[in-house]
> 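Okay, handing you the structure first.
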Amino acid sequence: MKVVVVAGIPGSGSTTVLKGALVDLDYVHVNYGDVMLEIAKSKDLVTERDQMRKLSPDMQKEVQREAAQSIRKRALENNIIVDTHCTIKTPLGFLPGLPPWVLEELKPDQFVLIEADGDEILLRRITDTTRTRDMEKLDDINLHQQMNRSVSMAYAALTGATVKIIQNHDDQLDETVEEMKNTL
Amino acid sequence: MKVVVVAGIPGSGSTTVLKGALVDLDYVHVNYGDVMLEIAKSKDLVTERDQMRKLSPDMQKEVQREAAQSIRKRALENNIIVDTHCTIKTPLGFLPGLPPWVLEELKPDQFVLIEADGDEILLRRITDTTRTRDMEKLDDINLHQQMNRSVSMAYAALTGATVKIIQNHDDQLDETVEEMKNTL
Amino acid sequence: MKVVVVAGIPGSGSTTVLKGALVDLDYVHVNYGDVMLEIAKSKDLVTERDQMRKLSPDMQKEVQREAAQSIRKRALENNIIVDTHCTIKTPLGFLPGLPPWVLEELKPDQFVLIEADGDEILLRRITDTTRTRDMEKLDDINLHQQMNRSVSMAYAALTGATVKIIQNHDDQLDETVEEMKNTL
């Protein structure tokens, strides 16, 4: 069975595309952050999500590693889709979402990057009133997508996994979902 | 002696440039796919090239690894040029041509990427009637070249090898060959 | 304590930005090349900087590795800023400044890339009469910055470190220095 990592920056619509594609496919869909939370709870490190950030870096790293291990284990029985981020934008810079201690345990077979044009993402973020998001400039959005492409090719070089890039343009969700299905 | 990897997407003219440069240089020119085929034949896994794709992923990986080993061995006596792909475009995404199990054995000293403008490549593919090639759009061609740059920098980070990018524009083959010679 | 790598191509102004930021911060500033020179001198391999290039590749590699080790050691007591290059442009191509044998010892926590627009860099190089620099074309400058972004994401994937990109535009040094301080 295979482990597929699906990622996209906020506003790329990666979760929407993924949900659309999974209707017809036999994959178990896991969110990396949720798995980390479960593990931290089971170890009595936290009781709720907000406390995760307050764990020491070493502890976060360990939880992150165990989450990868647990996901890879589930792939013995099912194809797995992991919903996560290629990089997380932090004040210290782009933080790789799949550092070595994750990649080694997760052993992903495929990366799928959901992208859209920078201006599409900008507009989606502005009109999405369900979440409060930091407003980024167009240049920053484009840079984030570019860095995700680069880091995903580095993940590929480190694992031998493939990297598929899927454009999720406005008013073309059906086509995008179809492309996602074919890719999976 | 050194191992140089030369790569370019279809239509970049990498093989033409390479042949032009090797006239005056003392390098052994090997094609990665050919070496893999030889090895698979010698192990009685296949009798012809078309059967290579039908090998199990594990078997392909093993053949790929042994090909790297065999090429590195030849570098004890000669400078070697390996003709291969940085990434192969597949329905599942860009597949790295030099995954970890290849890089570790091949230990390349230098990568040379032959590129051309997207529209030059498009036109070369259209007018090349000797091969049937899937027709890609300009954006796809540009993306493929961009991903090859990224992955080659990842290969560089993993091995310490240099990455040289050479533009092979129309009507400038002599200059390109000259640049290739100076690089080797 | 952390190890931060700061890099920028010639003309990006990375050293100026760094010096401005370090006035108010408690970091030890080391130049990678200087540390290598010290080590080579202490081993009686060279007596002056110019001789460094003439060391055998294996010897250079060993000195490079020991420099990383020595810098990481100093981080036991201080936050360290390492002034170096993501890639060095050589006739053989872009040479990674932090190959595996350096990354493994240096274990950087953060990369900061100082960039500027290609034309700003071009003009700064032309008007800088204190150094003789090879004049590069705009395309080459842009390519070098692009390759540095790619390789830094590969370094990030290999180490888990963050990558911050800071633009150092003309007449905005104060803002750039401020951003640098916030990043550190």
Side-chain angles (χ1 to χ4, degrees), chain A residues 1-8 21 25 27 75 79 81 86-87 94 96 98-100 103-104 106-117 142-143 145-167 169 172 175 178-184, chain B residues 5 7 9 56-65 67-68 84-108 111 113 134 136-161 163:
Chain A
M1 299 298 188
K2 64 181 190 171
V3 170
V4 181
V5 171
V6 176
L25 294 175
Y27 270 89
N79 286 313
I81 292 258
C86 277
T87 62
F94 297 103
L98 298 119
L103 275 189
E104 274 159 27
L106 191 60
K107 298 181 186 71
D109 300 282
Q110 194 181 359
F111 290 88
V112 183
L113 263 64
I114 309 294
E115 296 187 350
D117 292 341
N142 290 335
L143 175 63
Q145 292 200 125
Q146 188 197 351
M147 297 309 256
N148 280 354
R149 286 184 178 186
S150 280
V151 86
S152 63
M153 289 318 287
Y155 296 151
L158 281 163
T159 58
T162 55
V163 176
K164 178 83 177 185
I165 295 188
I166 295 181
Q167 295 297 327
H169 293 306
Q172 299 183 11
E175 287 89 333
E178 204 50 44
E179 196 179 350
M180 184 75 178
K181 280 188 205 166
N182 294 334
T183 299
L184 296 173
Chain B
V5 171
I9 68 171
S56 74
D58 278 352
M59 197 58 84
Q60 283 192 32
K61 203 166 149 170
E62 178 54 23
V63 171
Q64 212 180 6
R65 204 184 59 76
T84 188
H85 295 286
C86 277
T87 63
I88 299 124
K89 202 172 170 179
T90 78
L92 301 182
F94 297 102
L95 177 73
L98 297 120
W101 53 93
V102 169
L103 276 189
E104 275 158 26
E105 301 289 347
L106 191 60
K107 297 181 185 73
F111 291 88
L113 264 62
D134 287 339
E136 283 188 293
K137 283 182 292 184
L138 188 59
D139 281 356
D140 292 332
I141 290 172
N142 291 335
L143 176 62
H144 197 172
Q145 293 200 126
Q146 188 197 352
M147 296 310 255
N148 280 354
R149 285 184 178 185
S150 281
V151 85
S152 63
M153 288 319 287
Y155 296 151
L158 281 163
T159 57
V163 176

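We name chains A, B, ... by the order of the sequence lines, and we start the count at 1 in each one.
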> Taking every non-hydrogen pair under 4.5 Å, which of A/V151, A/L158, A/V163 racks up the most with chain B?
A/V163
> Does any heavy atom of chain A fall under 4.5 Å from the side chain of B/S152, the backbone, both, or neither of them?
neither
> Quick one: which residues of residues 90-102 of chain B reach chain A at under 4.5 angstrom, heavy atoms only?
B/T90, B/P91, B/L92, B/G93, B/F94, B/L95, B/P96, B/P99, B/P100, B/W101
> With a 4.5 angstrom heavy-atom cut-off, which part of A/I165 approaches chain B: side chain, backbone, both or neither?
side chain
> Is it true that atom NE2 of B/H144 has more than 12 heavy atoms of other residues, nucleotides or ligands lying nearer than 6.0 Å?
yes
> Just how far is it from atom CD of A/Q146 to atom CD of B/Q146, taken to the nearest 0.5 Å?
6.5 Å
> Rounded to the nearest 0.5 Å, what's the gap from CD on A/Q167 to CG on B/L143? Could you check?
8.0 Å
> Could you tell me which portion of B/L103 (side chain, backbone, both or neither) has an atom closer than 4.5 angstrom to a non-hydrogen atom of chain A?
neither
